[in-house]
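Please read the structure below before turning to the comments.
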Amino acid sequence: MEQQFGTGRLVLVEGDITTIAADAIGNAANAALAGGGGVDGAIHRAGGPEIMAELRSRHSYGTPAGTAVSTGAGALPARWVIHAVGPVWRGGDHGEPVQLAGAYRSALSIAAELGARTLTLPAISAGAYGYPLDDAARIAVATVADSLRAGAPLEWVTFVLFSPRALAAFEHALLAFR
Ligand code: APR
């Protein structure tokens with residue numbers, strides 16, 4: 001499913017984000033930028049050790065939830081990886097919605113600064129960090145759609161969802177977003 005917002009397209013696909021070519025690939029990282037499981041683990045496995053080496057040398061202090069940093073992409077089909085840190089779900093009244101939107105906004109603005117024309121993104125915080133999927137999808141779609149409408153210089157932004165259930169949640173969010 002996809003929809004045009006401004007001059008950019010918001011696209012939803014099911015798949016493994018490490019196998020889809022884009023100028024920039026989004027990662028769901030932790031604040032320590034220490035690597036881990038989930039999409040973070042997949043990106044480091046597929047991209048190779050140079051990604052972690054660059055995180056250690058350029059971003060050794062990590063980055064807080066709601067922000068992102070970029071590195072090269074190693075062996076991945078991309079020029080950059082944008083490591084965005086979402087919030088850990090703690091019930092919803094600890095600023096999680098604002099931090100999740102911030103993680104996506106940071107990733108979009110870094111992509112624009114880098115000159116990326118295409119960007120893939122995972123469902124940040126919707127895995128190990130426990131963010132309820134439907135709420136995470138609604139925030140993800142709204143944040144990206146608003147940025148594209150506001151003129152973010154991206155040809156497309158594709159959410160790569162790792163299960164039919166996640167894809168369905170994002171499709172529902174996109175249909176509800178007008
Ligand atoms: N491609 C696309 N999406 C993926 C992939 C993949 N290869 N692997 C997992 N996902 C999906 C998950 O199914 C989930 O929907 O990414 C979404 C985010 O889940 P996590 O990767 O667990 O990320 P998050 O919930 O943000 O938790 C981040 O987990 O892996 C650690 O180091 C990471 O500490 C950090 C925390």
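Just so you know, these numbers use all the heavy atoms, side chains as well, and skip hydrogens, waters and symmetry mates. Note that ligands are numbered from 1 as they come in the structure, with each ligand's atoms numbered from 1 the same way. Nothing here was measured: the structure is a model prediction, and the numbers come from that model.
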Exercise. Starting from atom 32 (O) of ligand 1, which protein heavy atom do you reach first, and at what distance in Å?
Worked result: D40 OD2, 2.7 Å
Exercise. Of the protein's non-hydrogen atoms, which lies at the shortest distance from atom 23 (O) of ligand 1, and what is that distance?
Worked result: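 Minimum-distance protein heavy atom for atom 23 (O) of ligand 1 reads A28 CB, 3.6 Å.
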What are the atoms of ligand 1, with element, lying closer than 4.0 Å to any heavy atom of [X]?
X    : answer
V160 : 2 (C), 3 (N)
G35  : 32 (O)
D16  : 1 (N), 6 (C), 7 (N)
S125 : 24 (P), 25 (O), 26 (O)
A42  : 7 (N)
G38  : 8 (N), 9 (C), 21 (O), 30 (O)
G36  : 30 (O), 32 (O)

Checking the N or O distance criterion of under 3.5 Å, is ligand 1 in contact with [X]?
X    : answer
T18  : no
L161 : no
G37  : yes
V39  : yes

Problem set entry | Side-chain donor or acceptor of S106 paired with backbone N/O of G66 under 3.5 Å | yes
Just to check, does [X] reach to within less than 4.0 Å of ligand 1 when the distance is taken from its heavy atoms?
X    : result
G86  : no
G41  : no
A166 : no

Seminar exercise, completed: Here the side chain to side chain donor-acceptor pair (under 3.5 Å) pairs for residues 119-133, sequence neighbours left out, are none
Exercise. Can you say whether the rings of H44 and H83 are parallel (under 30°), tilted (30 to 60°) or perpendicular (over 60°)?
Worked result: parallel
